[in-house]
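Structure first, commentary second.
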Amino acid sequence: MKISADFNGQTVISTFEMTPGTCADVLEALTDAYDTVIRLQPGFISGAIHVNDAQTRICTYSRWTDRRDFQAMLRTPEMRVRNRAIAALCARFEPVMYEVTSVF
């Protein structure tokens, strides 16, 4: 995955907050979602999952051809069900769309 400021697509960074006791469950659910659904959606370019060392936060980074592709993925029936299940395991879950402005 190459990050560059001249990328014309949509970057999405999602954060998930949980207890260490549910981190493995959230990680498993996210990994399965990326492997079986998200990466196969139109407009998906790449993604990564990060876990902090305290296992209280997970961050996903994904790149899409267009923000509408990401939004369409969220609206699919399968992802609506999956996101509700993931949200139930988390204290907080927030996807945010970003624009890359600088790379060092």
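Computed from a predicted structure; not experimentally measured.
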(request) Give me the other members of the hydrophobic cluster that Val81 sits in, counting Ile, Leu, Val, Met, Phe, Trp and Tyr linked by side-chain heavy atoms under 4.5 Å, directly or via other members. (result) none
(message) Just verifying a value: how many Å separate Met73 CE and Glu78 CD, rounded to the nearest 0.5 Å?
(response) 11.5 Å
(request) Apply side chain to side chain contact (heavy atoms under 4.5 Å, CB included) to Gln71 and list each qualifying residue two or more places apart in sequence or on a separate chain. (result) Arg67, Arg68, Arg75, Met97
(request) Please round to the nearest 0.5 Å and tell me the distance separating atom CZ of Phe93 and atom CE of Met18. (result) 10.5 Å
(message) Within the 4.5 Å heavy-atom criterion, are Cys23 and Ile58 side-chain neighbours or not?
(response) yes
(message) Going by the rule side chain to side chain donor-acceptor pair (under 3.5 Å), which residues pair with Asn8 if we only count those two or more places apart in sequence or in a different chain?
(response) none
(message) Once side-chain hydrogen bond (donor to acceptor under 3.5 Å, both in side chains) is applied, what residue pairs with a partner in residues 20-33 remain, sequence neighbours excluded?
(response) Thr19-Thr22, Asp32-Arg82
Could you list the donor-acceptor pairs under 3.5 angstrom formed between side-chain atoms of residues 40-48 and any protein atom two or more places apart in sequence or on another chain?
from: Gln41; atom 1: NE2; to: Val37; atom 2: O; distance (Å): 3.2

(request) Could you name each residue pair satisfying salt bridge (Lys or Arg N to Asp or Glu O under 4.0 Å) that touches residues 42-59, not counting sequence neighbours? (result) Glu17-Arg57
(request) Mind checking side chain to side chain contact (heavy atoms under 4.5 Å, CB included) for Pro77 and listing every partner two or more places apart, or none if nothing turns up? (result) none
(message) If the condition is side chain to side chain donor-acceptor pair (under 3.5 Å), which residues does Arg80 pass it with, not counting sequence neighbours?
(response) none
(message) Show every salt bridge (Lys or Arg N to Asp or Glu O under 4.0 Å) that has at least one partner inside residues 40-49, sequence neighbours left out.
(response) none
(request) Apply side chain to side chain donor-acceptor pair (under 3.5 Å) to Thr11 and list each qualifying residue two or more places apart in sequence or on a separate chain. (result) none
(message) Show me the pairs that pass side-chain hydrogen bond (donor to acceptor under 3.5 Å, both in side chains) and involve residues 94-104, at least two apart or across chains.
(response) Arg92-Glu94
(message) Which residues pass the side chain to side chain donor-acceptor pair (under 3.5 Å) test with Thr56, not counting sequence neighbours?
(response) Asn52
(request) Examine Ile13 and Val100 and state if one hydrophobic cluster contains both, with Ile, Leu, Val, Met, Phe, Trp and Tyr joined whenever side-chain heavy atoms are less than 4.5 Å apart. (result) yes
(message) Working to the nearest 0.5 angstrom, can you tell me the gap between Asp35 CG and Ile49 CD1?
(response) 9.5 Å
(message) If I take atom CG from residue Asp69 and atom CG from residue Leu74, how far apart are they, to the nearest 0.5 angstrom?
(response) 11.0 Å
